[in-house]
Amino acid sequence: MSIFSRFLPKRKPVEIKNNIPKEKENIKKTFGLYCHKHHDTKDDKLCPKCTALLATVMTKMNRCPYGITKPICDRCDRAAICFGAKQAQEFMAIMNGTQKRMFLSHPMMAIKHKLASMGVDYAKFQQEKKISDKVKAKEEAAKKRAKDRKEKK
């Protein structure tokens, strides 16, 4: 412990935030933009098809097995399992189709969402890298053991 350590800020533990309400708000706004553009609805009302899909998405988000630590739905591995193949495809089409319009109408929300999705992508990359490193280490250890056995004989 150095003399300056008492003057440096102490590390705080990482807080787990409940991002589900923000994500629900983002999805509602995205559905609104998509439905107004593609189905010519007016005011804050959605067409029956979009309303049904939105209700399904909200229900499935409440039942997410990850709880409050859930990743963003469009980056989740379980999206097809949670929503079903057809609904997941429709949901992804709406989310991807409205991306550019979200940057124009809700720029801060879109940027925060994009940063969060990049964080999920980076976490997945790190997880895959860790797993591949473990596999390589096991393979190298097995080769070394085989080589040692040959040398003993």
How about Met109 and Lys22: do any of their side-chain heavy atoms sit closer than 4.5 Å?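 No, side chains not in contact.
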
Check whether any side-chain heavy atom of Tyr34 sits under 4.5 Å from a side-chain heavy atom of Leu46, and report yes or no.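 No; the side chains remain at least 4.5 Å from each other.
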
Cys47 backbone acceptor or donor facing His39 side chain under 3.5 Å: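 Not at all, since once roles are kept as given, no pair shorter than 3.5 Å links the two residues.
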
Is it the case that atom OH in Tyr122 sees more than 12 heavy atoms from other parts of the structure closer than 6.0 Å?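 Counting other residues, nucleotides and ligands, OH of Tyr122 stays at 12 neighbours or fewer.
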
I'd like to know whether CD of Gln127 has more than 12 heavy-atom contacts from other residues, nucleotides or ligands below 6.0 angstrom.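 No, not enclosed.
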
Going from [atom1] on [X] to [atom2] on [Y], what distance comes out if it is rounded to the nearest 0.5 angstrom?
{"X": "Met61", "Y": "Tyr66", "atom1": "CE", "atom2": "OH", "result": "14.0 Å"}
{"X": "Phe125", "Y": "Lys129", "atom1": "CZ", "atom2": "NZ", "result": "5.5 Å"}
{"X": "Thr30", "Y": "Arg101", "atom1": "OG1", "atom2": "CZ", "result": "11.0 Å"}
{"X": "Lys112", "Y": "Leu115", "atom1": "NZ", "atom2": "CG", "result": "10.0 Å"}
{"X": "Cys50", "Y": "His36", "atom1": "SG", "atom2": "NE2", "result": "9.5 Å"}
{"X": "Ile72", "Y": "Met118", "atom1": "CD1", "atom2": "CE", "result": "11.0 Å"}

I need the minimum non-hydrogen distance between [X] and [Y], along with the two atoms involved.
{"X": "Ala88", "Y": "Ala80", "answer": "CB-CA, 3.9 Å"}
{"X": "Thr98", "Y": "Leu33", "answer": "CG2-CB, 3.6 Å"}
{"X": "Pro65", "Y": "Arg78", "answer": "CG-NE, 3.4 Å"}

Single hit among Val57, Thr56, Asn62 for side-chain contact (heavy atoms from CB on, under 4.5 Å) with Lys60: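 One option only clears the test, and that one is Thr56.
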
Can you list every pair that meets salt bridge (Lys or Arg N to Asp or Glu O under 4.0 Å) and has a residue in residues 23-37, with sequence neighbours left out?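 For residues 23-37: Glu23-Lys70, Glu25-Lys29.
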
Taking Phe31 as the starting point, is it possible to reach Met102 by hopping between hydrophobic residues whose side chains are less than 4.5 Å apart?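 In one cluster with Met102: Phe31, no.
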
Same apolar cluster (I L V M F W Y, side chains within < 4.5 Å links), Phe83/Met58: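 Per the 4.5 Å side-chain linkage, Phe83 and Met58 are co-clustered.
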
